Amino acid sequence: MIDTESGILGRLVLNSVQRDAVVYDSGPQLVFAGAGTGKTRVLTAKIAWLIDRGIPPLHLFAATFTNKAAREMRIRVERFACRPTGGMWIGTFHSLCARLLRSECRHIGYGSAFSIFDTADRTALLRGVLQRLGIDDRTASPRQILAQISRFKNQCVSADEARGSAVGFCEQELVRIYTVYQQTLCEQQAMDFDDLLMNAVVLLREHHEVLEQYRQRFEYVLVDEYQDTNTAQRYLLQLLAGRHNRIFAVGDDDQSIYGWRGARIENILMFEQHFPATEIFTLEQNYRSTGAILDFANAAIVGNAGRAEKKLWTTMGKGRRVAVTRYRDDRHEAQAIGERIKKACNGKVRRGDIALLFRTNAQSRVFEEAFRKEQIPYVLVGGIGFYERAEIKDCLAYLRLLVNPRDNVSFERVYNVPARGLGGKALETLSQKATEKGASLLETLCASDPQELGSRSKKGFSELREFFELLRDEAGEGTSPHELLKEVLQLSGYMDLLADQHTEEAAGRIENINELLNALAIWARENPDGSLAAFLEEVSLASDVDTWEQREDAVNLMTLHCAKGLEFGRVFLVGLEEGLLPSRQNFDDEMKIEEERRLLYVGATRAKEQLFCSYVDRRYRFGELLPQSPSRFLQAIDPSMYDADDQTGNFGAVPPREPAARVAGREAVRFTRADIPVRKIRQKQFSADDDFSQDVVEYRMGQQVRHRNYGRGRIISISGFGSDMKVMVLFNDGTRRKLMAKFANFEQE
DNA sequence: GGCGTAAGACTTTTT
DNA sequence: GTCTTACGCC
């Protein structure tokens, strides 16, 4: 023991529970690691410790939540263990499964060059399937169908298995669609994200020799963010860990926020049932946030039922109080926060240490505008990702076709981009031929005489055919991916098309394409042996945070989901309103409301020193100014946990039920203070369960009031909202009193 | 039969 | 406000 102490354990700064978790080595382990308790540190330390004890890195399987986390962990492990970790399998579940499938998928009817379909690709595929089945896509939205198919796959329910339990017309139709959708994917040698997981499980389940080989190899299975695993991922872990029975999972049920994507919080809560003889470790000392922030976060999360018992504590002291600010509307919120950030950054606060977190991507717009106006540098993480832009998808579709000529979705994307005089009719002709031959569109094109493909489209088709044949030859001769893309852009005329447009938009697209070329060149330098296929895979499985580089000088804007696992000195949590957090679409389901509450918890616990929350009275949605009310989660937190600050300038007033915008017609009307009449003070006493948004006393600053016992006075400050609203009154006898508005019983002047 | 313009739907979160 | 789809024109 003394040996290890002076060795690697000496280099890793760990508290006693963390150290116990690292050195325990007698079977399955679950580490409950609350926010900021050193989850990553423990996982990194565990891997480094294992390697230090002589476990070859190639016997380790480690699943992280993002590729970025995987990269960072690999670097840290290498630093601690002072050894290269090349053979270690570390990455996201999706990339690890892709890796497994690339080498073993011959067992399940795939070649190693399969395409990976993203949401847009699978939507395009489904549209085609619905058309072929003669189903009107207005009767059931493709979105919903895809969500249902994902639900099956996330639980590893194949189309055949689903058929057995389908009840009623709708379900049977769904299964029929699922069946054809799955066949079509296979025909095109493509897998969607869910397939990567499900097919990996199917492969290991049905091919015992393959399973044994990998089980044997992976002596240790390590998992980060275990609370966000879905059923398929759990099956995969159970299969892989089935032999050595050494699984090390880290997670926090309070941070489970991916239920909508199939994640099962039960996975972490029932870990002991899934992995018998588990030893549980609970990390409760928080090293990230101040006491004030932790108290606020704890107060937010206690509303959830069925949590694993834990209580975060810190030795850091209370720190600065959490601020909860009310603004007039979303523009006001953005402008005021922009100014606040600007002021703070004139001091010694680094912009890179500030994050602005929101529930939906749509909320970022106003902030971007405000920040530009204030000249605050910012980085937007996520949103419309680089690889989702039309011009980038076009480029990638061309490249994908070179790797996998059976990828019809890619073919249909680019066969007429730039325009070659080929349209729906031309595609139909080609498609029919392809069906007869049992080949893909590109294969059929290359095998057909253009003369047979319709008189009008023969020119376009023969152009396209020559283009692909030339590229395929070049690809075969080992031309670098970077050169290939350049050729694609030139030979297809794609670049010319953009260059001739002379618009700002086209210029932006050219810039993006250059960025892609650049990325390809850099990637080739870092991966000298990397194939085009490998590049495409990496690109398909890259997440938003993967491409994010934290900068010293730029404020970080991202969704709450994106912020998981990150930390910042100052955090602005914006738009804490009903309908947004919690999201309106989750109102009806208590489980989903709990997930929304966890989202608030995740957001709050990102903050190290200071947390600013805000909500607005009115918000633009669909181009209309709609009234908003503060989030139920805020209202449930004891007001003593934070400082309430009302910046609306019309304190206590509540937005009208029917927005004036409606009355005025379609045109959206901006509210000014004068638009909102300050109603007379009402004498009514309110009960606690009154809906405050309907029955609330409206006060404003400076208002004259008369109190039954204290006489006349003037309101000098207002805090809190709804039934918790407090007013500070300066009475004429010189005394100041803070009164609960609902009990003040002011007499009318 | 392709291309451009106008109404239409619509946004939760992402590998 | 933005992206997609439908229709009418060339």
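Each chain gets a letter, A, B and so on, in the order the sequences are listed, and its residues count up from 1. Quick caveat: nothing in here was measured; it's all calculated off a predicted structure.
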Student: Taking salt bridge (charged side-chain N to carboxylate O under 4.0 Å, His left out) as the test, write out the residues that go with A/R132, two or more places apart.
Tutor: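 Residues passing salt bridge (charged side-chain N to carboxylate O under 4.0 Å, His left out) with A/R132: none at all.
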Student: Can A/Y258 be said to stack with the base of B/dT13, given centres closer than 5.5 angstrom and planes under 30 degrees apart?
Tutor: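 It does not: the ring fails the test against the base of B/dT13.
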Student: Only counting residues at least two apart or in another chain, list the ones meeting ring-ring contact (aromatic ring centres under 6.0 Å, His included) with A/F367.
Tutor: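 Here no residue qualifies.
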Student: Remember a base hit wins even if backbone is also touched, and classify A/S95 as base, sugar-phosphate or nothing at under 4.0 Å, heavy atoms.
Tutor: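 No contact.
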Student: Roughly how many Å is it from CD in A/E537 to C1' in B/dT15, rounded to a whole number?
Tutor: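 A/E537 atom CD is separated from B/dT15 atom C1' by 13 Å.
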Student: Rounding to an integer number of Å, can you tell me how far A/E388 CD sits from B/dT13 P?
Tutor: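 My rounded result for the distance is 11 Å.
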Student: Output all residues satisfying salt bridge (charged side-chain N to carboxylate O under 4.0 Å, His left out) with A/R122, sequence neighbours left out; order by chain, then residue number.
Tutor: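 Partners of A/R122 under the salt bridge (charged side-chain N to carboxylate O under 4.0 Å, His left out) test: A/D192, A/D194.
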Student: Distance check needed: B/dT14 P versus A/L599 CG, whole Å only.
Tutor: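 After rounding, the reported distance stands at 10 Å.
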Student: Looking only at the side chains, is there a donor atom on one of A/E225 and A/Q255 sitting less than 3.5 Å from an acceptor on the other?
Tutor: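 Looking only at side-chain atoms, A/Q255 and A/E225 do not form any donor-acceptor pair under 3.5 Å.
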Student: Taking for each residue the nucleotide of DNA chain B with the nearest heavy atom, is it A/A426 or A/H561 whose nucleotide lies nearer the 5' end?
Tutor: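 Its nearest nucleotide lies further toward 5', so the answer is A/A426.
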Student: Kindly indicate whether the side chain of A/R372, heavy atoms from C-beta on, has any atom under 4.5 Å from the side chain of A/Y378.
Tutor: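 Yes; the side chains approach each other to less than 4.5 Å.
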Student: Rounded to whole angstrom units, what separation is found between the CG atom of A/L581 and the P atom of B/dT13?
Tutor: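 Answer to the nearest Å: 13 Å.
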Student: Between A/R99 and A/E537, does any NZ, NE, NH1 or NH2 come within less than 4.0 Å of an OD or OE carboxylate oxygen?
Tutor: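 No, A/E537 and A/R99 are not salt-bridged.
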Student: Would you kindly say whether A/N512 and A/E391 are connected by a side-chain donor-acceptor distance under 3.5 Å?
Tutor: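 The answer is yes; a qualifying pair exists.
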Student: What are the atom names and distances for every N/O pair under 3.5 Å that joins the protein to nucleotides 3-11 of chain B?
Tutor:
from, atom 1, to, atom 2, distance (Å)
B/dT11, O3', A/Q585, NE2, 3.1

Student: Using a 4.0 Å heavy-atom cut-off across all strands, classify A/S583 as base, sugar-phosphate, or nothing.
Tutor: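 Since a base atom lies under 4.0 Å of A/S583, the category is base.
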Student: Side-chain donor-acceptor contacts of residues 407-418 of chain A below 3.5 Å, not counting sequence neighbours, with atom names and distances?
Tutor:
from, atom 1, to, atom 2, distance (Å)
A/D407, OD1, A/V409, N, 3.3
A/D407, OD1, A/S410, N, 2.9
A/D407, OD1, A/S410, OG, 3.3
A/D407, OD2, A/S115, OG, 2.8
A/D407, OD2, A/R400, NE, 2.9
A/D407, OD2, A/R400, NH2, 3.3
A/D407, OD2, A/S410, OG, 3.0
A/N408, OD1, A/L441, N, 3.0
A/S410, OG, A/R400, NE, 3.0
A/S410, OG, A/R400, NH2, 3.1
A/R413, NE, A/D394, OD1, 2.7
A/R413, NH2, A/A390, O, 3.3
A/R413, NH2, A/D394, OD1, 3.3
A/Y415, OH, A/G423, O, 3.1
A/N416, OD1, A/R420, N, 2.5
A/N416, OD1, A/G421, N, 3.4
A/N416, OD1, A/L422, N, 3.3
A/N416, ND2, A/L422, O, 2.7

Student: Given C/dT2, C/dT5, B/dT13, which nucleotide is nearest the side-chain atoms of A/R365?
Tutor: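 The nucleotide sitting nearest to the side chain is C/dT2.
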Student: Rounded off to whole Å, could you give me the CE-to-P distance for the A/M198 and B/dT15 pair?
Tutor: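 It is 20 Å, rounded to the nearest whole Å.
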Student: Are the side chains of A/L560 and A/L581 in touch, meaning some heavy atoms are under 4.5 Å apart?
Tutor: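 A side-chain contact exists here, since the closest heavy-atom pair is under 4.5 Å.
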Student: Could you list, one pair per line, each protein nitrogen or oxygen that sits under 3.5 Å from a nitrogen or oxygen of nucleotides 8-10 of chain C, together with the distance?
Tutor:
none

Student: Between A/R619 (CZ) and C/dG1 (P), how many Å, whole number?
Tutor: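 My rounded result for the distance is 15 Å.
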Student: Rounding to an integer number of Å, can you tell me how far A/D192 CG sits from B/dT15 C1'?
Tutor: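 The answer, rounded to whole Å, is 11 Å.
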Student: Which nucleotide sits closest to the side chain of A/W260: B/dT13, B/dT15, B/dG1?
Tutor: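 Among B/dT13, B/dT15, B/dG1, the one nearest the side chain of A/W260 is B/dT13.
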Student: Between P on B/dT13 and CZ on A/R584, what's the gap in Å once rounded to a whole number?
Tutor: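 It works out to 15 Å between those atoms.
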